[in-house]
Amino acid sequence: MDKEELEEIWGEMLKGEIDILVSTTIIETGIDIPNANTLIVDNAHRLGLSQLHQLRGRVGRGSEKSYCFLLMGA
């Protein structure tokens with residue numbers, strides 16, 4: 001994505017106009033979205049414990065109960 005498209009989508013997410021955001025692990029770097037209450041990490045077994053902890057910290061910043069689902073292959 002180019003910078004302008006990323007900024008537009010990010011603004012829509014912060015305004016609550018987007019309900020689902022599919023992202024890479026780039027979100028672990030200090031992004032704060034208070035209305036995000038669920039995080040699903042696919043292939044969590046490929047990430048380190050520290051990285052998973054950082055990702056988990058991206059949800060639950062608002063007043064809603066939050067959930068973090070870590071999925072791994074069979």
Side-chain angles (χ1 to χ4, degrees):
M1 295 178 129
D2 62 28
K3 184 178 179 179
E4 291 78 25
E5 185 179 11
L6 183 59
E7 286 177 0
E8 179 183 339
I9 290 173
W10 192 246
E12 291 173 1
M13 185 72 182
L14 291 174
K15 292 181 215 168
E17 297 172 358
I18 294 178
D19 292 327
I20 297 174
L21 178 66
V22 177
S23 176
T24 64
T25 54
I26 190 71
I27 63 163
E28 77 179 280
T29 58
I31 291 174
D32 186 11
I33 309 172
N35 59 334
N37 68 345
T38 304
L39 175 70
I40 301 170
V41 180
D42 194 21
N43 291 317
H45 61 288
R46 294 183 177 180
L47 304 175
L49 186 57
S50 177
Q51 194 171 26
L52 290 171
H53 181 70
Q54 286 290 330
L55 288 168
R56 192 244 356 124
R58 300 300 105 207
V59 295
R61 295 172 171 247
S63 60
E64 298 288 321
K65 185 173 184 177
S66 64
Y67 303 89
C68 179
F69 297 97
L70 305 176
L71 308 177
M72 55 184 244

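Keep in mind that the numbers below use all heavy atoms, side chains included, and drop hydrogens, waters and symmetry copies. It should be emphasised that the depicted structure is a prediction, and the values quoted were computed from it without experimental measurement.
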Considering all heavy atoms, the nearest Asn37-Lys65 contact: CB-O, 3.5 Å

Rounded to the nearest 0.5 angstrom, the CG-CD distance for Asp2 and Glu8 is 9.5 Å

Enter the distance from Leu70:CG to His45:NE2 here, rounded to the nearest 0.5 Å. 12.0 Å

Nearest 0.5 angstrom please: Ser66 OG to Arg56 CZ, how far? 8.0 Å

For the pair Asn43 (side chain) and Arg46 (backbone), establish whether a donor and an acceptor sit closer than 3.5 Å, ignoring hydrogens and angles. no

Output the distance between atom CG (Leu49) and atom CD (Gln54), rounded to the nearest 0.5 Å. 11.0 Å

Locate the shortest heavy-atom distance separating Gly16 from Asp19; write the atom from each residue and the value. O-OD1, 4.3 Å

Quick one: pull up CG in Leu52 and SG in Cys68 and give me the separation to the nearest 0.5 Å. 7.5 Å

Does a side-chain heavy-atom distance below 4.5 Å link Met13 with Ile9? no

Would Leu71 and Val41 count as a side-chain contact (heavy atoms from CB on, under 4.5 Å) if you check the C-alpha gap in whole Å, the side-chain angles of each, and the deciding distance to 0.1 Å? CA-CA 6 Å; Leu71 308 177; Val41 180; over 6 Å; no

Might you work through the side-chain contact (heavy atoms from CB on, under 4.5 Å) test for Phe69 and Thr38, ending with a clear yes or no? CA-CA 8 Å; Phe69 297 97; Thr38 304; 3.9 Å; yes

Nearest 0.5 Å please: distance from the CD1 atom of Ile40 over to the CD1 atom of Ile20. 8.0 Å

Contact summary for Val59 and Tyr67, nearest pair of heavy atoms: CG2-O, 3.9 Å

